[in-house]
Amino acid sequence: MFEAMGGDTSGPEWRDACIAYFQRGLGAGQLAGVVVDAESGALAACGVIEFVDRIPSPRNPTGRWAYISTISTDPEHRRQGLATAVMEGLLHLAHARQLHVVELHATDEGRPLYERLGFRPRDGAWEMALRIVYPPP
Ligand SMILES: CC(C)(COP(=O)(O)OP(=O)(O)OC[C@H]1O[C@@H](n2cnc3c(N)ncnc32)[C@H](O)[C@@H]1OP(=O)(O)O)[C@@H](O)C(=O)NCCC(=O)NCCS
């Protein structure tokens with residue numbers, strides 16, 4: 001998925017940190033994944049949902065919130081409904097926790113899929129980020 005988004009996936013640091021993050025998060029129930037195995041046993045499609053408690057608000061009175069990411073289907077298994085199935089599995093987990101708000105960031109490729117499932121761009125939503133790059137130790 002990161003490659004499809006134009007990211008440089010070559011370095012080992014992010015992979016190690018990512019594995020540790022998943023081990024912690026899965027163990028603590030703070031995140032869950034849905035995977036589809038190919039017949040060969042390789043990964044065909046996957047997606048992740050992270051559960052976060054945020055400040056309760058009028059829009060989200062419980063403050064319980066989830067973020068879906070890492071929706072990705074291996075190129076040779078695309079257009080067979082696998083990402084849709086992954087999303088439905090993730091949304092089932094959100095419903096089971098009675099979440100009011102589930103968010104994601106869509107690539108152009110993913111947008112039609114999310115729209116079919118009811119996701120809409122938030123009116124007036126804007127996003128800003130500060131990227132801080134530290135010098136090597
Ligand atoms: C976006 C992505 C996840 C979609 O995965 P996918 O498994 O192909 O998704 P689906 O099969 O559920 O749906 C994709 C399309 O196939 C169609 N489709 C589903 N089942 C089908 C079938 N049996 N036969 C033909 N078409 C089918 C869907 O209607 C959909 O059409 P549309 O998007 O043109 O309207 C995949 O292209 C991908 O990994 N892209 C790179 C990473 C990325 O951008 N991820 C999204 C991050 S937000």
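Each residue takes its place number in the sequence, starting with 1. All values below were derived from every heavy atom in this structure, side-chain atoms included, with hydrogens, water molecules and symmetry-related copies excluded. Remember, it's 1-based here, ligands and their atoms both numbered in the order they're listed.
Proximity of a side-chain donor or acceptor of R54 to a complementary backbone N or O of G63 within less than 3.5 Å is not detected. With W14 contributing its side chain and T9 its backbone, the two residues share a donor-acceptor pair below 3.5 Å. Under the 3.5 Å distance criterion, the side-chain polar atoms of H92 are left unmatched by any main-chain donor or acceptor of E88. Panel note: side chain R120, backbone E115; a donor-acceptor pair is recorded below 3.5 Å.
At a 4.0 Å heavy-atom cut-off, ligand 1 touches Q80 through the backbone alone. Heavy atoms of A83 found under 4.0 angstrom from ligand 1 belong to the backbone as well as the side chain.
Atoms of ligand 1 lying under 4.0 Å from at least one heavy atom of H105, given by number and element, are 48 (S). Heavy-atom proximity to G81, at under 4.0 Å, picks out these atoms of ligand 1: 10 (P), 11 (O), 12 (O), 19 (C), 20 (N). Near A4, with a cut-off below 4.0 Å to any heavy atom, the atoms of ligand 1 are 41 (C), 42 (C). For ligand 1 and Y114, the ligand atoms under 4.0 Å from any heavy atom of the residue are 46 (C), 47 (C), 48 (S).
The option from L113, V86, T84, T73 that lies nearest to atom 7 (O) of ligand 1, judged by heavy atoms, is T73. Among R116, R78, E3, the residue whose heavy atom lies nearest to atom 38 (C) of ligand 1 is R78. Across R79, M1, E88, heavy-atom proximity to atom 31 (O) of ligand 1 is greatest for R79.
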Would R122 and E103 satisfy side-chain contact (heavy atoms from CB on, under 4.5 Å), going step by step from the backbone distance to the final call?
CA-CA 10 Å; R122 278 168 54 193; E103 292 181 1; 2.7 Å; yes
Check step by step if side-chain contact (heavy atoms from CB on, under 4.5 Å) holds for D8 and F2.
CA-CA 8 Å; D8 174 5; F2 294 129; over 6 Å; no
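Separating the CD1 atom in I49 from the OH atom in Y67 is a distance of 11.5 Å, to the nearest 0.5 Å. Rounding to the nearest 0.5 Å places CD of E109 at 9.0 Å from OG of S72. Atoms CG and CG, on D74 and L82 in that order, are 10.0 Å from each other to the nearest 0.5 Å.
The shell of residues lying under 4.0 angstrom from ligand 1, judged by heavy atoms, includes S72. Distances shorter than 4.0 angstrom do not occur between any heavy atom of M87 and any atom of ligand 1. Within the 4.0 Å heavy-atom cutoff, M5 does not count among the residues contacting ligand 1.
Of the polar atoms of H77, none of the N or O atoms is found under 3.5 Å from an N or O of ligand 1, judged by distance alone.
The shortest contact between atom 44 (O) of ligand 1 and any protein heavy atom is with T107 OG1, 2.8 Å. Taking atom 45 (N) of ligand 1 as the reference point, the nearest protein heavy-atom neighbour is I71 O, 2.8 Å. Protein heavy atom closest to atom 40 (N) of ligand 1, with residue, atom name and distance, is E109 OE1, 3.3 Å.
Under the 6.0 Å distance and 45° angle rule, R97 counts as a cation-pi partner of F51.
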